[in-house]
Protein chains: 2
Amino acid sequence: MILSKTCDYAMRAVFYIAAQKERKFIPIREVSEKLDISFHFLTKILQVLTRAHILVSFKGPNGGIALACPAESISLSDISKAIDGSKIYEECILGLDQCGDENPCPLHNEWKRIRDQIQNLFDKTTFAEVAEKINCGEFRITNLLKKNK
Amino acid sequence: MILSKTCDYAMRAVFYIAAQKERKFIPIREVSEKLDISFHFLTKILQVLTRAHILVSFKGPNGGIALACPAESISLSDISKAIDGSKIYEECILGLDQCGDENPCPLHNEWKRIRDQIQNLFDKTTFAEVAEKINCGEFRITNLLKKNK
DNA sequence: ACATTTTAGGATAAAAAACTCTTAATAGCG
DNA sequence: CGCTATTAAGAGTTTTTTATCCTAAAATGT
């Protein structure tokens, strides 16, 4: 798993919010129900994004959360870095410290190429693009199967 | 982290063994000391590889572990699958179930391309190649810094 | 002022991953 | 045979990640 589960939840939540163009504040409860993510846990995760100024929140009736800036200016890597940190973009695939062009592991050169592609994908993909894809209806951000309960 | 820490240890251990061309059975203790991995933990991990018939083991004096087949015929993905399973080659980056060409998530197409490259790298890279790289001395499989103790 | 809706945050629990320890089994050697 | 070197196996612990629960604080409408 390249992204933590926490980060997956965060991404999907922000996808959902971004896809609600017109609306202002979306209650976390609604997001949690639509995406089938534990409300309390999601609340916690989104607090991190609010503190990182990626989202803004508003308490009280008609409250909820909203993007802090236009979806065009938020990239996937903003979320991934806020939740999981930058390590996926820097880390050695074998977990070695200071693996770089100077002291490479045997897979460094090959892995670096792939890692850069991941970074490039996450950097260049904005939530505006993803929101459009979702709203065109051909892509989903929910599970097909409900969790076992 | 794309590979679990356990899998990283396994990879490095097999790298080490593969790099000892001439020798037969290498004691796990030696591997654990050279790579600075907990002996008992490494033992556990390598048992999995032995049960998967990637390694063979021999108890008693002059015992140890060795590759079960020539290093040319063991690929990185053999180890990764034995330890972590195949999920990294199949999983959705957002953690959604059944994300494929039929019910894609918004990142499916892009992620699939990258995931296939990872699979390709792991499938095509054999331990013979890596062993050669290690023996030529330009690549390392150990940490530079000792763990905090 | 009060009730309602909502986020914020702490405290805790459950599950998974990483690591440790102890004991058993096996093989070789004197 | 009995000693030693070595892996095998399994129980037990710690740490990290994921998830739940409860109470407080803020905003709104009446």
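Below, chain A is the first sequence line, B the second, and so on; all start at residue 1.
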(request) Take atom CG of Asp36(B) and atom P of dA18(C), then tell me their distance rounded to the nearest Å. (result) 17 Å
(request) Give the rounded distance in Å between these two atoms: CG of Leu3(A) and P of dT17(D). (result) 14 Å
(request) In whole angstrom, give the distance that lies between atom CD of Gln47(A) and atom P of dT6(C). (result) 16 Å
(message) Below the 4.0 Å mark, does dT17(D) have OP1 or OP2 next to a side-chain nitrogen or oxygen of Ser4(A)?
(response) no
(message) Output the rounded distance in Å from CZ (Arg29(A)) to P (dT7(C)).
(response) 9 Å
(request) Could you check how far CD1 of Ile17(B) sits from C1' of dT7(D), rounded to whole Å? (result) 13 Å
(message) Does this structure show an ion pair linking Asp84(A) with Lys5(A), if we count only N-O contacts that are shorter than 4.0 Å?
(response) no
(request) Kindly write out the residues that satisfy salt bridge (charged side-chain N to carboxylate O under 4.0 Å, His left out) with Glu72(A), not counting sequence neighbours, or none if the list is empty. (result) none
(message) If you compare all heavy atoms of Asn135(A) against all heavy atoms of Ala19(A), which two are closest, and at what distance to 0.1 Å?
(response) ND2-O, 3.0 Å
(message) Checking contacts here: which listed nucleotide (dT7(D), dA18(C), dA8(C)) is nearest the side-chain heavy atoms of Ser57(B)?
(response) dT7(D)
(message) Suppose we screen for side-chain contact (heavy atoms from CB on, under 4.5 Å). Which residues come up paired with Thr125(A), at least two apart in sequence or across chains?
(response) Leu76(A), Leu121(A), Glu129(A), Val130(A), Leu107(B)
(message) I'd like to check the side-chain contact (heavy atoms from CB on, under 4.5 Å) partners of Asn109(A); sequence neighbours left out, ordered by chain and number.
(response) Phe139(B)
(request) Look at Thr6(B) and dA18(C) and indicate whether a side-chain polar atom (N or O) is within less than 4.0 Å of OP1 or OP2. (result) yes
(message) With a cut-off of less than 4.0 Å, is there a side-chain N or O of Ser38(A) near OP1 or OP2 of dT20(D)?
(response) yes
(request) Please state how far atom CG in Leu46(B) lies from atom P in dC19(C), giving the value in whole angstrom units. (result) 14 Å
(message) Whether Lys5(A) contacts dA19(D) is assessed here as follows: a side-chain N or O lying under 4.0 Å from the phosphate OP1 or OP2. Is that the case?
(response) yes
(request) For Met1(A) and dA16(C), give me the distance from atom CE to atom C1', rounded to whole Å. (result) 11 Å
(message) At a heavy-atom distance below 4.0 Å, what parts of residues 76-92 of chain A sit against DNA chain D?
(response) none
(request) To the nearest Å, give me how far apart CZ (Phe39(B)) and P (dT22(C)) are. (result) 14 Å
(request) Name all residues meeting the ring pair (Phe, Tyr, Trp, His ring centres under 6.0 Å) criterion together with Phe25(B); count only those two or more places apart in sequence or in a different chain, and write none if there are none. (result) Phe58(B)
(request) Look at all strands and tell whether Ile65(B) reaches a base, only sugar-phosphate, or nothing, counting heavy atoms closer than 4.0 Å. (result) nothing
(message) Taking Lys112(A) first and then Glu91(A), would you say they form a salt bridge - that is, a charged N and a carboxylate O separated by under 4.0 Å?
(response) no
(request) Heavy atoms only: give me the nearest Cys99(A)-His108(A) pair and the separation to one decimal. (result) SG-ND1, 3.6 Å
(request) Quick one: sort the Tyr89(A) and Phe122(A) rings into parallel, tilted or perpendicular, breaks at 30° and 60°. (result) perpendicular
(request) Ignoring hydrogens and angles, state whether a donor on the side chain of Asp123(A) or Ser75(A) is under 3.5 Å from an acceptor on the partner side chain. (result) no
(message) Here's a test of your reading of the structure: between Cys7(A) and Arg51(B), which maps to the more 5' nucleotide of DNA chain D?
(response) Arg51(B)
(message) How would you summarise protein contacts on nucleotides 21-30 of chain D per nucleotide, using B for base, S for sugar-phosphate only and - for none, with heavy-atom distances below 4.0 Å?
(response) BB--BBBB--
(request) Check whether any side-chain nitrogen or oxygen of Tyr9(A) sits under 4.0 Å from OP1 or OP2 of dT18(D), and answer yes or no. (result) no
